[in-house]
Amino acid sequence: SLYCYGYHLCEKAQSDTERASHRHWIERAADLGEPAACQYLGVNSVYGRQGMAKDLDAACYWLRKGASLGCEECIYWLGRTRLDLGGDAALEGMVSLHHAAMLGVARAQTTLGGQMVWRSKTAQAQADGMLWLHAAAAQGHAYGCYLLAEALREGRGCEADPTGAAHWYQVGADKGDADCQAYLGL
């Protein structure tokens, strides 16, 4: 496919200038509706990687296109990117994160759950956030385990549960989460 060819050329490129000269293959694939190409262009535009300039408008364009094609990762990244922009964009970000979380994307469940537990003002929204953190942790998402453990330890969105917190710190540590490992003194 065009995307695979462009990706291969960009990965082998020795300079950002060379990457830019090969990126047209990926852009063509994205224009033709290849979700992975949309994700590549969107995520690299968010961070200014692979020789691409940091351009949040371009990132959102490509991520929206990928999301419209059903790419779960594009839905997640669109949500994450819009959330970071704040204001009205953050509302779109939360909607996209909710959509990706419903599709089972553990990173989206973790991000959405964390936002709801730590930033929501109502007990119901915080309790709903705990459900998302549990879903992410149950899938083995290491950072989801950490956020769940922290919420259980602090009693955010639930009654404080030191035993439950210890369990999820251990699960997160076993999955390689540095924060869980630090908390446990590993």
Side-chain angles (χ1 to χ4, degrees), residues 1-116 129 131-148 172 175-178:
S1 87
L2 293 173
Y3 169 68
C4 291
Y5 182 62
Y7 181 86
H8 172 75
L9 291 174
C10 286
E11 287 299 305
K12 290 217 165 271
Q14 300 295 312
S15 68
D16 287 344
T17 303
E18 194 178 346
R19 275 185 204 88
S21 73
H22 298 310
R23 196 168 31 257
H24 73 277
W25 294 104
I26 297 172
E27 291 168 351
R28 178 81 172 120
D31 285 335
L32 292 172
E34 172 60 50
C38 294
Q39 180 181 343
Y40 177 93
L41 293 170
V43 173
N44 286 317
S45 292
V46 167
Y47 293 107
R49 294 189 306 215
Q50 297 295 329
M52 297 177 69
K54 183 175 181 175
D55 182 345
L56 296 179
D57 290 333
C60 289
Y61 169 81
W62 289 116
L63 293 170
R64 276 192 191 99
K65 183 173 179 90
S68 73
L69 297 167
C71 177
E72 296 169 0
E73 286 295 314
C74 286
I75 298 168
Y76 163 74
W77 279 106
L78 178 62
R80 186 78 194 110
T81 301
R82 300 297 288 170
L83 184 66
D84 288 345
L85 292 173
D88 291 339
L91 179 58
E92 179 190 1
M94 290 294 282
V95 169
S96 292
L97 286 171
H98 189 264
H99 187 173
M102 293 286 290
L103 292 170
V105 178
R107 289 190 295 179
Q109 293 167 342
T110 297
T111 304
L112 180 63
Q115 289 291 313
M116 294 174 79
L131 295 174
W132 288 118
L133 291 178
H134 271 284
Q139 288 191 65
H141 191 259
Y143 190 60
C145 294
Y146 171 71
L147 288 183
L148 178 58
K175 296 283 183 189
D177 184 80

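The basis for the numbers below is simple: all heavy atoms, side chains too, and nothing from hydrogens, waters or symmetry mates. This structure is a prediction, so every number in the text was calculated from the model and none was measured.
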List in chain and number order the residues that pass ring pair (Phe, Tyr, Trp, His ring centres under 6.0 Å) with [X], two or more places apart in sequence or in another chain; answer none if no residue qualifies.
X	result
H99	none
Y61	none
Y40	Y7
W62	none

All side chain to side chain contact (heavy atoms under 4.5 Å, CB included) counterparts of A137, not counting sequence neighbours: C145, L148, W168

Can you name the side chain to side chain contact (heavy atoms under 4.5 Å, CB included) partners of E34, sequence neighbours left out? Y3, A29, A36, A37

Pairs involving [range], ordered by first then second residue, that meet salt bridge (charged side-chain N to carboxylate O under 4.0 Å, His left out) (sequence neighbours left out):
range	answer
residues 74-86	R80-D84, R82-E92
residues 46-58	none
residues 2-21	D16-R19

Within residues 13-32 or reaching into it, pairs that qualify as ring-ring contact (aromatic ring centres under 6.0 Å, His included) - sequence neighbours excluded: Y5-W25

Sequence neighbours excluded, which residues qualify as side-chain hydrogen bond (donor to acceptor under 3.5 Å, both in side chains) partners of D31? none

Can you measure from CD1 (I26) to SG (C38) and round to the nearest 0.5 angstrom? 11.0 Å

Filter on side-chain hydrogen bond (donor to acceptor under 3.5 Å, both in side chains), then keep only pairs touching residues 134-143, sequence neighbours left out; what's left? Q109-Q139, T110-H141

Does any part of the side chain of C74, heavy atoms only, come nearer than 4.5 Å to the side chain of L69, both counted from C-beta? no

